[in-house]
Participant: 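One structure coming up, written as structure tokens, with questions to follow.
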Amino acid sequence: MFFCVQTACVFAQANFQTRPTACTIPKKTFEFSVFSPTRYGVGEKTEVFSSLLIDWKLPNVGIKHLWFVKKAKKESGFFRSRDIYFGTVHNFDYPTMFFETVQDKKPKYISDTAKVRTVVTMRNELRATIMLKKRTSCDPANFLFTLRAGVKNSFGSKDYTMQPVDKAIWYRETVACLDTVVWFVGADLDLHFSDRLNILIDADFHSVDWNVKDWAGEHKVFFYGYCGRNRRIMLEGGLKVAYGTVFGNMKTIALPMIDVSYFFKPKKSREEGLFGSDLR
């Protein structure tokens with residue numbers, strides 16, 4: 001379980017969670033978070049992010065860019081005249097200090113005699129987001145659906161003896177630090193019922209190596225409730241469940257999550273719409 005406080009921008013239309021989507025935080029918007037990555041909009045379609053406050057022993061930096069928007073050409077049916085947003089996300093992590101810290105603590109997930117690898121990991125991801133319910137004169141835009149796919153790999157020293165951690169979630173993350181590719185696919189659905197309530201549901205599949213030597217599934221359900229004047233306070237509660245094979249054995253873990261957020265709203269936010277000038 002975790003508790004965090006973060007700051008961001010509130011827009012007149014709705015408070016969608018842009019983190020899992022192809023869309024970026026608006027230009028010059030700063031969102032501070034204790035546990036989640038802190039983000040800043042450096043351009044109309046680009047944001048940078050990092051989680052240094054809590055994970056200071058796990059230096060990391062990332063960039064997300066919305067490359068283009070394509071309108072579906074179908075003249076009828078569900079995708080008629082709907083915009084699809086295409087973006088990429090790139091993360092770089094330096095986990096060596098974190099591994100050394102874990103090695104010194106109990107329980108011993110990494111052997112005392114193991115030589116920790118000096119390594120940098122890379123996560124490259126493609127995302128496509130579509131607004132399922134378009135904005136009208138009476139109702140705001142609603143329901144975001146995102147598909148994503150990517151790979152995580154590493155490069156670093158060859159002189160190491162550490163082994164992957166024998167725990168759910170930790171296993172696939174440490175495997176990716178040891179010259180093994182981990183690829184993944186996933187989907188997110190943001191159900192925005194009103195200006196006070198959001199439900200975010202996602203599902204992910206991770207595979208160790210291209211031949212699926214081991215695999216992992218992960219599901220999350222979060223409820224977001226907005227309160228306070230101008231909906232500046234967000235209360236979040238949810239559950240994360242991960243499972244999969246670890247050295248051929250099935251492992252499962254369930255993690256309850258709690259979050260509290262406070263939003264600072266720039267003066268021009270009401271004029272820019274949900275994701276700046278791109279989504280209206």
Participant: For the atom pair CG (L178) and CD (E173), what is the distance rounded to the nearest 0.5 Å?
Facilitator: 11.5 Å
Participant: Counting heavy atoms not belonging to K108, are there more than 12 under 6.0 Å from its NZ?
Facilitator: yes
Participant: Tell me the closest heavy-atom pair linking A203 and H219, and the distance in Å.
Facilitator: CB-ND1, 3.4 Å
Participant: Looking at T146 and P20, what are the two nearest heavy atoms and their distance?
Facilitator: CG2-O, 3.3 Å
Participant: Mind checking whether E47 and K27 have side chains closer than 4.5 Å, heavy atoms only?
Facilitator: no
Participant: Please tell me if the side chains of F99 and M162 come closer than 4.5 Å, counting only heavy atoms from C-beta onward.
Facilitator: yes
Participant: Please find the pair of heavy atoms, one from A176 and one from S154, that lie closest to each other, and give the distance.
Facilitator: O-OG, 3.0 Å
Participant: When rounded to the nearest 0.5 angstrom, what distance separates CG in L191 from CD1 in I199?
Facilitator: 6.0 Å
Participant: Let's go through V102 and V165 carefully: what are the C-alpha distance in whole Å and the side-chain angles of both, what is the deciding distance for side-chain contact (heavy atoms from CB on, under 4.5 Å) to 0.1 Å, and is it a yes or a no?
Facilitator: CA-CA 10 Å; V102 171; V165 175; 5.9 Å; no
Participant: Does CZ belonging to F247 count more than 12 external heavy atoms closer than 6.0 Å?
Facilitator: yes
Participant: What's the separation between atom CD1 in I25 and atom CG in L66, rounded to the nearest 0.5 Å?
Facilitator: 14.0 Å
Participant: Can you tell if the side chain of Y160 reaches within under 4.5 Å of the side chain of D179, non-hydrogen atoms only?
Facilitator: yes
Participant: Okay, side chain of N60, backbone of S51: is any donor-acceptor separation there less than 3.5 Å?
Facilitator: yes
Participant: Quick check: does any side chain N or O of K28 sit under 3.5 Å from a backbone N or O of G41, one acting as donor and the other as acceptor?
Facilitator: no
Participant: Evaluate the criterion side-chain contact (heavy atoms from CB on, under 4.5 Å) for residue pair K251 and Y171; output intermediate values, then yes/no.
Facilitator: CA-CA 10 Å; K251 300 282 186 175; Y171 175 72; over 6 Å; no
Participant: Before giving the answer on side-chain contact (heavy atoms from CB on, under 4.5 Å), spell out for I253 and I169 the whole-Å C-alpha distance, their side-chain angles and the decisive distance to 0.1 Å.
Facilitator: CA-CA 8 Å; I253 188 173; I169 301 179; 4.0 Å; yes
Participant: Which heavy atom of K64 sits nearest to which heavy atom of T21, and what is that distance?
Facilitator: NZ-O, 3.0 Å
Participant: Is a side-chain N or O of Q103 found less than 3.5 angstrom from the main chain of A114, in a donor-acceptor match?
Facilitator: yes
Participant: Is there side-chain contact between D202 and L189, with heavy atoms separated by less than 4.5 Å?
Facilitator: no
Participant: Could you tell me whether F68 and Y85 have their ring centroids closer than 6.0 angstrom?
Facilitator: no
Participant: Does the side chain of V151 come within less than 4.5 Å of M122's, by heavy atoms?
Facilitator: no
Participant: In Å, rounded to the nearest 0.5 Å, how long is the span from OG1 of T18 to CG of L144?
Facilitator: 9.5 Å
Participant: Hydrophobic cluster membership, with links at side-chain heavy-atom distances under 4.5 Å among I/L/V/M/F/W/Y: are V175 and W183 in one?
Facilitator: no
Participant: Using a 4.5 Å cut-off on heavy atoms from C-beta on, say whether the side chain of V208 contacts that of T180.
Facilitator: yes
Participant: Taking atom NZ as the centre, does K167 end up with more than 12 heavy-atom neighbours from other residues, nucleotides or ligands that are less than 6.0 angstrom away?
Facilitator: no
Participant: Return yes if some donor-acceptor pair links the side-chain N/O of T101 with the main-chain N/O of M97 below 3.5 Å, else return no.
Facilitator: yes
Participant: Apply side-chain contact (heavy atoms from CB on, under 4.5 Å) to residues L58 and Y94 and explain how you reach the verdict.
Facilitator: CA-CA 6 Å; L58 182 59; Y94 178 70; over 6 Å; no
Participant: Are W210 and V212 connected, step by step, through hydrophobic side chains (Ile, Leu, Val, Met, Phe, Trp, Tyr) whose heavy atoms are closer than 4.5 Å?
Facilitator: yes
Participant: Given 3.5 Å as the limit, does a donor-acceptor pair link the side chain of T118 with the main chain of G156, or not?
Facilitator: no
Participant: Could you tell me whether K152 and E125 make a salt bridge, using a distance below 4.0 angstrom between a side-chain N and a carboxylate O?
Facilitator: no
Participant: Would you say V116 and Y109 are hydrophobically clustered, going by side-chain heavy atoms of ILVMFWY under 4.5 Å?
Facilitator: yes
Participant: Classify the angle between the aromatic ring planes of H65 and W67 as parallel (below 30°), tilted (30 to 60°) or perpendicular (above 60°).
Facilitator: perpendicular
Participant: What are the two closest heavy atoms between G87 and A22, and how far apart are they?
Facilitator: N-CB, 3.7 Å
Participant: May I ask you to decide if S157's main-chain N or O and R117's side chain share a donor-acceptor pair within less than 3.5 Å?
Facilitator: yes
Participant: Whether R172 and E218 form a salt bridge (side-chain N of Lys/Arg under 4.0 Å from carboxylate O of Asp/Glu) is what I want to check.
Facilitator: yes
Participant: Looking at OG1 of T245 and CE of M250, how far apart are the two atoms once the value is rounded to the nearest 0.5 Å?
Facilitator: 6.5 Å
Participant: Looking at C177 and V119, what are the two nearest heavy atoms and their distance?
Facilitator: O-CG2, 3.7 Å
Participant: Do D93 and P59 touch side chain to side chain, with heavy atoms closer than 4.5 Å?
Facilitator: no
Participant: If you group Ile, Leu, Val, Met, Phe, Trp and Tyr by side-chain heavy-atom gaps below 4.5 Å, do V89 and V61 land in one group?
Facilitator: no
Participant: Under a 4.0 Å N-O cut-off, is there an ion pair linking D159 with K115?
Facilitator: yes
Participant: Measure the shortest side-chain to side-chain distance between T129 and F145 over non-hydrogen atoms and say whether it is less than 4.5 angstrom.
Facilitator: no
Participant: Measuring from I84:CD1 to I130:CD1, what's the distance to the nearest 0.5 Å?
Facilitator: 4.5 Å
Participant: If you take the centroid of each ring, where Trp contributes its six-membered ring, are W215 and F184 closer together than 6.0 Å?
Facilitator: no
Participant: What about F205 and V221, same hydrophobic cluster or not, with Ile/Leu/Val/Met/Phe/Trp/Tyr joined at side-chain heavy-atom distances under 4.5 Å?
Facilitator: no
